[in-house]
Amino acid sequence: MIPPATPGRARRRGAPLIALVAITLSAALNACSPAPAERPDSGAADVEIQEGLTYWSDDEVDLKLDACLPTDAEEPTRAVVIVHGGGFTEGDRASGGARELCELTAELGQAAFSIDYRLAPEYTFPAQVDDLANAVRWLREPAQVERFGIDPARIGAIGSSAGAIIAQSLATRGEGPLDTGERLAAVVSLSGVSVMSPEGLELGEPSEQAVELVLNYLGCSSAADCPQSVPASPITGVDPSDPPMLLVNGTDELVPEEQAAAMAAALEAADVPAELLVVDTQRHGTALLSTEVREEVRSFLGDHL
């Protein structure tokens, strides 16, 4: 059962209720066109980029990530995993604004890791969620903790579009402490779909393109005949041990804002800190990262990670 999406109320950061913030942007981009993340004006840390590091492999696939590291950190830093978009069928760790977001995160003093994951239709759910889980587990290995100077108890994720679904899914998979194994300590979701079951089609007015991309990910030909759509929906896994989540969505984009509202309501019902940020725009995914939204993301991660 999907909890009703209750109207959000503007709250101070750190309050337990959902924060609903509407930001009007002067120019709207194409809904699927990512915009480069904006650089801070001053105080940016120097950044070291380590490219093409293998975090998982089998007989068929080597999965790689790029590490974006602040060079002047004096103590173990937070680690933020960047999960790119691309409709599950395309994109990589350097595309769709992922590299810019990785570098920006490091400039703000946090280690960032932009990952590749297996793509549909060759690989379907839960392969992509497993890939993110393997990246988190790899980062928690003592060798990587020392290598990158990170705090293994403070690993979060920022996901864009398809990557937001993957990040939400791992966040709500499993139970227990958020500082071990594959658990994430905080998640930022940019244009994520939280309800992929047939009920999800009743949330707003999803585009045919969005439905097709989700079905590709699930390995289904129709929403009516797709039993895996229920366990694959992040909203079905919500429990009180899940990490805080910031859900960012545009009002007129590829993903209906009702998706984010439903997830925020489910998290709130489970007493999980959640913030809902609805932006008056057609922008989608990393294109939502205006100066105002970037500051909200920075503050959220500062509070919860």
Side-chain angles (χ1 to χ4, degrees), residues 34-40 44-57 61-71 73 77-119 127-141 144-145 147-150 152 154-171 182 184-192 246 248 284-289 293-294 297-298 301 305:
E38 299 174 38
R39 292 288 194 263
D46 290 333
V47 174
E48 175 191 356
I49 309 296
Q50 298 182 16
E51 297 184 320
L53 307 178
T54 300
Y55 71 85
W56 182 86
S57 64
V61 179
D62 289 332
L63 292 178
K64 300 182 182 297
L65 58 75
D66 293 342
C68 303
L69 307 170
T71 59
T77 68
R78 305 178 184 93
V80 180
V81 183
I82 310 297
V83 193
H84 69 81
F88 298 106
T89 62
E90 60 185 14
D92 60 34
R93 63 187 186 274
S95 67
R99 166 52 72 84
E100 291 85 352
L101 183 54
C102 185
E103 294 181 11
L104 172 61
T105 302
E107 288 172 2
L108 297 176
Q110 304 166 109
F113 304 87
S114 184
I115 68 168
D116 287 337
Y117 53 83
R118 289 170 289 178
L119 300 176
Q128 295 80 4
V129 185
D130 291 340
D131 293 342
L132 175 56
N134 284 327
V136 174
R137 288 183 179 276
W138 184 79
L139 288 171
R140 282 204 167 102
E141 293 175 358
Q144 316 316 329
V145 169
R147 175 184 188 180
F148 301 123
I150 59 175
R154 297 191 296 166
I155 299 179
I158 301 175
S160 170
S161 191
I165 297 174
I166 298 167
Q168 285 190 32
S169 296
L170 184 61
E182 66 183 39
L184 293 165
V187 167
V188 175
S189 169
L190 306 173
S191 303
L246 170 61
V248 187
H284 173 79
T286 54
L288 290 165
L289 291 172
V293 174
R294 178 171 52 78
V297 172
R298 180 181 182 180
L301 292 177
L305 187 59

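The closest side-chain heavy-atom distance from Leu132 to Val81 is below 4.5 Å. For the pair Leu184/Val136, a side-chain contact is recorded, criterion being any heavy-atom separation below 4.5 Å from C-beta on. Using a 4.5 Å heavy-atom threshold, the side chains of Gln144 and Phe113 count as separate. The shortest side-chain heavy-atom distance between Leu63 and Thr54 does not fall under the 4.5 Å cut-off.
When atom types are taken as modelled, the side chain of Asp66 and the backbone of Gly52 share a donor-acceptor pair closer than 3.5 angstrom. For Ser114 (side chain) and Arg93 (main-chain N/O), a donor-acceptor pair under 3.5 Å exists by modelled atom type. Side chain of Asp131 to main chain of Arg118: a donor-acceptor pair is present (N/O by atom type, distance under 3.5 Å, no hydrogens or angles). Glu103 places no side-chain N or O within donor-acceptor distance of the main-chain N or O of Cys68, the cut-off being under 3.5 Å.
In summary, the aromatic rings of Tyr117 and Phe88 are positioned with their centroids too far apart to meet the 6.0 Å limit.
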> Given the rule in the side-chain hydrogen bond (donor to acceptor under 3.5 Å, both in side chains) test, do Gln110 and Thr105 qualify, once you have shown the distances and angles that lead to the verdict?
Replying inline: CA-CA 6 Å; Gln110 304 166 109; Thr105 302; 5.5 Å; no

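Here the straight-line distance linking atom CD of Glu100 with atom OG1 of Thr286 works out to 8.0 Å at 0.5 Å rounding. Atoms CD1 and CG, from Ile155 and Leu305 in turn, are 9.0 Å apart once rounded to the nearest 0.5 Å.
Taking a cutoff of 4.0 Å between a charged side-chain nitrogen and a carboxylate oxygen, Arg147 and Glu141 do not qualify as a salt bridge. With salt bridges taken as basic N to acidic carboxylate O contacts below 4.0 Å, none links Lys64 and Asp116.
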